[in-house]
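Notes for the one structure printed next.
We count ligands from 1, going down the list as the structure has it; atoms in each ligand are counted the same way. If you read the sequence from its start, that first residue is 1, and numbering goes on from there.
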Amino acid sequence: MARLTGKVAVITGGAGGIGIEAGRIFAAEGAKVLLVDLADGPLQQAVQTIGSEAVSYVTADVTQPEQTQHYVRTAVERYGGIDIYLANAGIEGVVQPITDYPLDMFDRVLAVNVRGVWLGLKYVIPEMRKRDGGSIVITSSVAGIKGTAGVSAYTTSKHAVIGMMRTAALECAPSNIRVNCVNPAPIDTRMMRSLEEGFAPGAAEYAKQHIADRVPLKRYGSPQEVAQVMMFLVSDDSRYCTGGVYMVDGGMSAL
Ligand code: NAD
């Protein structure tokens with residue numbers, strides 16, 4: 001029996017590397033899936049890539065309260081409610097030391113990666129309460145528990161959502177809503193291409209090798225490897241898990 005039959009899942013950053021893979025797995029396990037992202041084109045492409053009638057999309061900027069309410073409302077009107085929320089939209093910002101880091105970029109990274117998650121919780125939790133429970137997974141990062149020179153805004157944001165998750169887990173436990181973080185290490189998506197170029201302008205391939213060498217398992221992870229842990233956390237297999245941080249990091253946190 002599929003593990004998410006009858007469930008409705010909302011995935012932000014649904015047109016990105018990890019979001020698409022989560023959508024694919026959730027749909028394969030029987031969920032109705034609403035992908036949320038910034039633009040129609042990539043979302044249409046994502047729905048086509050997944051190739052399941054159980055998946056649809058809506059455009060929204062997660063930093064905006066009205067647009068957050070709009071995607072929540074869309075899920076409720078289209079599918080009847082929300083059981084699973086994957087707060088996964090994120091941006092990496094730029095690679096610069098704090099002294100040179102552009103203020104507007106710092107604010108933008110915090111807006112997407114922190115405010116966007118908080119807004120999602122604010123409007124999704126009441127819908128889950130109407131269904132007597134649910135599971136929320138926030139995509140943090142190995143950058144949520146470690147420092148990396150050059151990515152202060154990203155690191156700050158990914159640490160912040162772990163605190164947010166812990167608070168939400170405590171507030172939501174009486175409503176049978178579980179809240180956890182998944183913390184990937186470098187995963188093979190667009191985001192790492194951008195960071196590789198940022199760490200070593202013009203020598204991204206060298207940067208990739210260098211980063212992979214620092215992972216105990218000596219390679220990047222795949223979106224599927226992250227989405228499978230997300231799948232565990234949104235399914236009843238993890239029914240006693242809340243308030244936790246789940247590393248998918250090839251051993252990096254052991255360093
Ligand atoms: P990605 O760039 O492929 O996907 C991110 C998606 O978020 C994009 O489709 C983007 O359009 C969307 N997005 C950005 N701003 C948005 C906004 N304001 N509103 C709505 N959507 C917005 O990257 P990914 O690797 O799939 O990243 C997914 C999550 O995983 C992010 O939170 C990221 O920080 C986290 N993460 C990624 C890695 C990695 O190595 N790739 C490692 C650790 C954590």
Side-chain angles (χ1 to χ4, degrees), residues 10-24 34-47 49 57-68 70-72 74 85-93 95 105 107-120 137-146 148 151 153-162 164-165 181-199 204 207-208 211-212 214-215 219-227 229-230 245-250 252-253:
V10 174
I11 300 176
T12 69
I18 293 172
I20 291 175
E21 207 47 44
R24 186 203 309 279
L34 182 68
L35 303 179
V36 179
D37 212 297
L38 286 170
D40 279 297
L43 279 163
Q44 279 165 5
Q45 184 66 46
V47 169
T49 303
Y57 77 83
V58 61
T59 57
D61 178 342
V62 299
T63 66
Q64 299 305 309
E66 301 76 19
Q67 295 186 41
T68 306
H70 175 63
Y71 77 68
V72 169
T74 302
Y85 176 54
L86 181 54
N88 172 72
I91 56 173
E92 66 278 13
V95 181
M105 182 59 79
D107 286 343
R108 182 71 195 154
V109 172
L110 271 285
V112 177
N113 297 7
V114 180
R115 175 180 152 123
V117 176
W118 186 83
L119 283 171
V137 174
I138 299 168
T139 312
S140 175
S141 170
V142 74
I145 63 158
K146 300 255 184 194
T148 305
V151 284
Y154 187 74
T155 305
T156 301
S157 72
K158 293 301 182 180
H159 274 67
V161 290
I162 292 178
M164 195 191 302
M165 175 278 293
C181 278
V182 167
N183 287 23
I187 304 299
D188 232 336
T189 69
R190 180 214 63 82
M191 186 173 284
M192 282 313 299
R193 300 295 88 76
S194 157
L195 287 169
E196 288 153 5
E197 188 58 36
F199 283 119
K208 181 175 183 183
I211 295 167
R214 284 179 39 227
V215 180
R219 65 173 177 86
Y220 282 14
S222 68
Q224 187 191 29
E225 287 166 328
V226 179
V229 176
M230 292 168 164
V245 174
Y246 292 79
M247 307 304 299
V248 188
D249 70 345
M252 278 192 89
S253 56

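Atom CZ of Arg193 has more than 12 heavy atoms from other residues, nucleotides or ligands within 6.0 Å.
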**OP:** Given side chain to side chain contact (heavy atoms under 4.5 Å, CB included), test Cys181 with Ile138 step by step and report yes or no.
**Re:** CA-CA 5 Å; Cys181 278; Ile138 299 168; 4.0 Å; yes

Problem set entry | Full working for salt bridge (charged side-chain N to carboxylate O under 4.0 Å, His left out) between Asp107 and Arg115 | CA-CA 10 Å; Asp107 286 343; Arg115 175 180 152 123; over 6 Å; no

Could you give me the CA-CA distance, side-chain angles and deciding distance for Tyr220 and Ile211, then say whether side chain to side chain contact (heavy atoms under 4.5 Å, CB included) is met?
CA-CA 8 Å; Tyr220 282 14; Ile211 295 167; 3.8 Å; yes

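Using a 4.0 Å cutoff on heavy atoms, Thr12 does not count as a contact of ligand 1. Heavy atoms of Ala143 come nearer than 4.0 angstrom to ligand 1 in no pair at all. Judged by the shortest distance from any of its heavy atoms, Tyr220 lies outside the 4.0 Å radius around the atoms of ligand 1. Remark: distances from the non-hydrogen atoms of Arg108 to ligand 1 include one below 4.0 Å. Ligand 1 has at least one atom lying under 4.0 Å from a heavy atom of Ser140. The closest approach between Ala15 and ligand 1 falls below 4.0 Å for a heavy atom of the residue. Under a 4.0 Å heavy-atom criterion, Lys158 is in contact with ligand 1.
Using a 4.5 Å heavy-atom threshold, the side chains of Glu21 and Thr49 count as separate. Looking at Val62 and Tyr71, their side chains come closer than 4.5 Å, going by heavy atoms from C-beta outward. Contact annotation: the side chain of Arg108 approaches that of Thr63 to within less than 4.5 Å [non-hydrogen atoms, C-beta and beyond]. Between Ile18 and Met230, some side-chain heavy-atom pair lies under the 4.5 Å cut-off. Residues Ile145 and Ser253 have side chains in contact (heavy-atom distance under 4.5 Å, counting atoms from C-beta outward). Side-chain contact check for Val161 versus Met165: every heavy-atom pair is 4.5 Å or farther apart. Here the side chains of Val142 and Asn183 are not in contact, with every heavy-atom distance at 4.5 Å or above.
Of all atoms in ligand 1, numbered sequentially from 1 with element shown, those under 4.0 Å from a heavy atom of Met192 are 40 (O). Of all atoms in ligand 1, numbered sequentially from 1 with element shown, those under 4.0 Å from a heavy atom of Pro184 are 42 (C), 43 (C), 44 (C). Atoms of ligand 1 lying under 4.0 Å from any heavy atom of Thr189, numbered from 1 in the order shown and given with element: 23 (O), 24 (P), 25 (O), 41 (N). Residue contact check: Ala185 has heavy atoms under 4.0 Å from atoms 40 (O), 42 (C) of ligand 1. Listed by atom number, the atoms of ligand 1 under 4.0 Å from Ile91 heavy atoms are 14 (C), 15 (N). Of all atoms in ligand 1, listed by their number and element, those nearer than 4.0 Å to a heavy atom of Arg190 are 2 (O).
Between Ile18 and ligand 1, an N or O atom pair is found at a separation short of 3.5 Å. Looking at ligand 1, you won't find any N or O of Pro186 less than 3.5 Å from one of its N or O atoms. On a distance-only criterion, Asn88 and ligand 1 share at least one N/O pair closer than 3.5 Å. For ligand 1, the polar-atom distance check against Gly16 finds a nitrogen or oxygen pair separated by under 3.5 Å.
Atom 3 (O) of ligand 1 has Gly17 N, 2.9 Å as its closest protein atom, hydrogens excluded (heavy atom only). Among all non-hydrogen protein atoms, the one lying nearest atom 10 (C) of ligand 1 is Asp37 OD1, 3.4 Å. When hydrogens are left out, the protein atom nearest atom 17 (C) of ligand 1 is Leu38 CD2, 3.5 Å; that is the closest non-hydrogen contact. Closest to atom 5 (C) of ligand 1 among all protein heavy atoms lies Gly90 O, 3.7 Å. The closest protein non-hydrogen atom to atom 27 (O) of ligand 1 is Met191 CE, 4.0 Å. Protein heavy atom closest to atom 35 (C) of ligand 1, with residue, atom name and distance, is Thr139 CG2, 3.6 Å. The single protein non-hydrogen atom nearest to atom 19 (N) of ligand 1 is Val62 N, 3.0 Å, given as residue, atom name and distance. Scanning the protein heavy atoms around atom 34 (O) of ligand 1, the nearest turns out to be Tyr154 OH, 2.6 Å.
The parts of Asp61 lying near ligand 1 are both backbone and side chain, judged by heavy-atom distances below 4.0 Å. Contacts between Ala60 and ligand 1 below 4.0 angstrom, taking non-hydrogen atoms only, involve the backbone exclusively. Contact annotation for Ile187 and ligand 1: heavy atoms of both the backbone and the side chain come within less than 4.0 Å of the ligand.
With rounding to the nearest 0.5 angstrom, the CG atom of Leu110 is 14.0 Å from the CH2 atom of Trp118. Remark: Gln67 CD to Thr59 OG1 distance equals 7.0 Å, nearest 0.5 Å.
The existence of a salt bridge linking Lys158 and Glu92 is excluded, since no basic side-chain nitrogen approaches an acidic carboxylate oxygen closer than 4.0 Å.
His70 places no side-chain N or O within donor-acceptor distance of the main-chain N or O of Glu66, the cut-off being under 3.5 Å.
Screening Thr12, Asn88, Asn113 for a side chain to side chain donor-acceptor pair (under 3.5 Å) with Thr139, the sole residue that qualifies is Asn88.
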